[in-house]
Amino acid sequence: MQVTNLKSIADVDVAGKRVLVRADLNVPVADGKVSDATRLERILDGLKDLSQRGARVVVISHFGRPKGAPNPEMSLAPVAAKLGELLGKPVTFVPACIGDEAESAVAALQPGAIAVLENLRFHAGEEKNDEAFVAALARSGDLYVNDAFSAAHRAHASTEGLARVLPAYAGPLMIEEINALRAVLENPQRPVAALVGGAKVSSKIPILKHLIGKVDKLIIGGGMANTFLMSHGVDVGRSLAEPDLLETAREIMAAAKAHNCAVVLPEDVVIAREFKSGVANAVVPILAVPSDAMILDVGPRSIEHNCAVLKECRTLLWNGPMGAFEISPFGEGTFGLAREAARLTREGKLVTVAGGGDTVAALNAAGATPDFTYVSTAGGAFLEWLEGRELPGVAALVRAQA
Ligand code: AMP
């Protein structure tokens, strides 16, 4: 897929036009209030720009999983209110996304005004990418902008279908996310390290296989490192591991060797008998894990070694924590490395790109996010890109420009 020059909405005359912007408003909401507005903050500049250029901005998004039927608990109304607060200007919430109510509310928008339509997933046609639903949505727009990279791994009406029926453009956040990933995977400053952690090998096999051909060093941490250690005959006690994947782990190691990609595994670990906060723990070399203990983090020698690897590299791609970072004191392996990556980035020595659910939470907990070159707000889409898969939402934009 050639994504080098996606058509950007920045170069289009939008004055007076109804611009349907697919954003990702799927933010955490508790007690009717947005509890983490990071995703909204990332789309503000794009919306402000359209508004200032006189567009009539119509924002569409999914929210939660209402499974094709209206559900007041999954209304976008509170999110629209928060968006207005962040934009510092009124945002009209329209309690429908298709039909007369939606179309007449959109028709009433003045140039520069911004509206949010109700949750797309109140209609089964959204996830089915149903032609009639696409057509109904398209009646509220002259142009379509996809600014939701984080939803681009889904071929839904709002992420794929609309690009077939309206003039389609990439929004600034979409372009930023793709550029960050391309900077790491396509033409990076070398050497490149990938740090892949998290719970299980099984969920990351395609990522590991894809990265091996792209990066120079692969640092493996978290629960998934246990399976790799086991495949070398290491006794990991009662640690989280996937014994049925020992052969896969060996294949990945062999493929890495064939590609000249150095695999870095923990040399010491933090162990405990229970998976709970404040529990008695100890640091042991990897060959001395007691049979009744669990590995819950990498140890200080591993942190030091991993930091030394980072110092040799110019680019780092990070997905997944190095240990059970949510439970004290098993976050140090993740936080120590995050702080070092942040320091090297601040000093201009390392380009750091990170993403995928828990990774962002871990980097936030380490206070490293502001220093990283780019932290993606996408979860599943970020992971699928790392697997080397074509994302339907991006492919649709590429097709639209052909
Ligand atoms: P993932 O969603 O695959 O990236 O996995 C993230 C989860 O892996 C986090 O909740 C961590 O607590 C967990 N994790 C990381 N290392 C370990 C470990 N050594 N043992 C158990 N869980 C771990």
Side-chain angles (χ1 to χ4, degrees), residues 150 153 194-211 218-232 234-243 245 248-249 252 264-286 288-303 306 316-338 353-366 368 375-387:
S150 49
H153 57 316
L195 193 162
V196 184
K200 292 182 164 181
V201 179
S202 49
S203 59
K204 302 216 173 147
I205 294 169
I207 292 181
L208 292 168
K209 288 190 171 161
H210 184 62
L211 290 182
L218 178 62
I219 303 174
I220 299 180
M224 59 187 286
N226 301 338
T227 304
F228 281 90
L229 292 167
M230 233 176 144
S231 77
H232 281 56
V234 173
D235 180 359
V236 298
R238 290 196 300 113
S239 304
L240 177 71
E242 293 166 288
L245 288 181
T248 306
I252 290 172
V264 182
L265 287 167
E267 43 198 273
D268 61 346
V269 286
V270 187
I271 53 149
R273 262 83 188 171
E274 279 176 283
F275 194 77
K276 84 175 185 208
S277 183
V279 74
N281 60 86
V283 173
V284 297
I286 197 62
V289 177
S291 57
D292 63 342
M294 286 182 287
I295 300 171
L296 291 178
D297 197 8
V298 296
R301 270 186 27 217
S302 305
I303 299 176
N306 291 340
L316 170 68
L317 171 66
W318 185 328
N319 171 258
M322 299 299 281
F325 74 99
E326 305 95 330
I327 305 171
S328 167
F330 308 109
E332 217 21 60
T334 304
F335 302 156
L337 204 58
V353 174
D358 278 328
T359 314
V360 181
L363 295 182
N364 285 343
V375 177
S376 172
T377 50
F382 185 86
L383 297 180
E384 287 197 20
W385 189 286
L386 297 194
E387 291 175 6

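Just so it is clear, the values below take in all heavy atoms, side chains as well, and ignore hydrogens, waters and symmetry mates. Order of appearance sets the numbers: ligands from 1, and atoms from 1 within every ligand.
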Checklist entry - When rounded to the nearest 0.5 angstrom, what is the spacing between CD in Glu267 and CG in Asn306? => result 8.0 Å

Checklist entry - Between CG of Asp268 and CD1 of Ile295, what distance do you get to the nearest 0.5 Å? => result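 Interatomic distance, Asp268 CG to Ile295 CD1, rounded to 0.5 Å: 10.5 Å.
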
Item to check | Protein residues that have a heavy atom under 4.0 Å from any atom of ligand 1, sorted by chain and number | outcome: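 Ligand 1 is contacted, at a heavy-atom distance under 4.0 Å, by Gly198, Ala199, Lys204, Gly222, Gly223, Leu240, Phe275, Ile295, Leu296, Pro321, Gly323, Ala324, Glu326, Asp358.
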
Checklist entry - By side chain to side chain donor-acceptor pair (under 3.5 Å), which residues pair with Ser202, not counting sequence neighbours? => result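 In terms of side chain to side chain donor-acceptor pair (under 3.5 Å), with neighbours along the sequence ignored, Ser202 is linked to Glu242.
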
Item to check | Met224: which of Leu208, Leu240, Leu245 passes side chain to side chain contact (heavy atoms under 4.5 Å, CB included) | outcome: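 Considering Leu208, Leu240, Leu245, a side chain to side chain contact (heavy atoms under 4.5 Å, CB included) with Met224 is found only for Leu208.
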
Next on the checklist: By the definition side chain to side chain contact (heavy atoms under 4.5 Å, CB included), identify the one residue from Thr334, Val196, Ile219 that meets it with Trp318.
Outcome noted: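 In the set Thr334, Val196, Ile219, the residue that makes a side chain to side chain contact (heavy atoms under 4.5 Å, CB included) with Trp318 is Thr334.
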
Checklist entry - Ignoring hydrogens and geometry, is there a side-chain-to-backbone donor-acceptor pair from Asp297 to Gly333 under 3.5 Å? => result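 Yes, Asp297 side chain to Gly333 backbone: donor-acceptor pair under 3.5 Å.
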
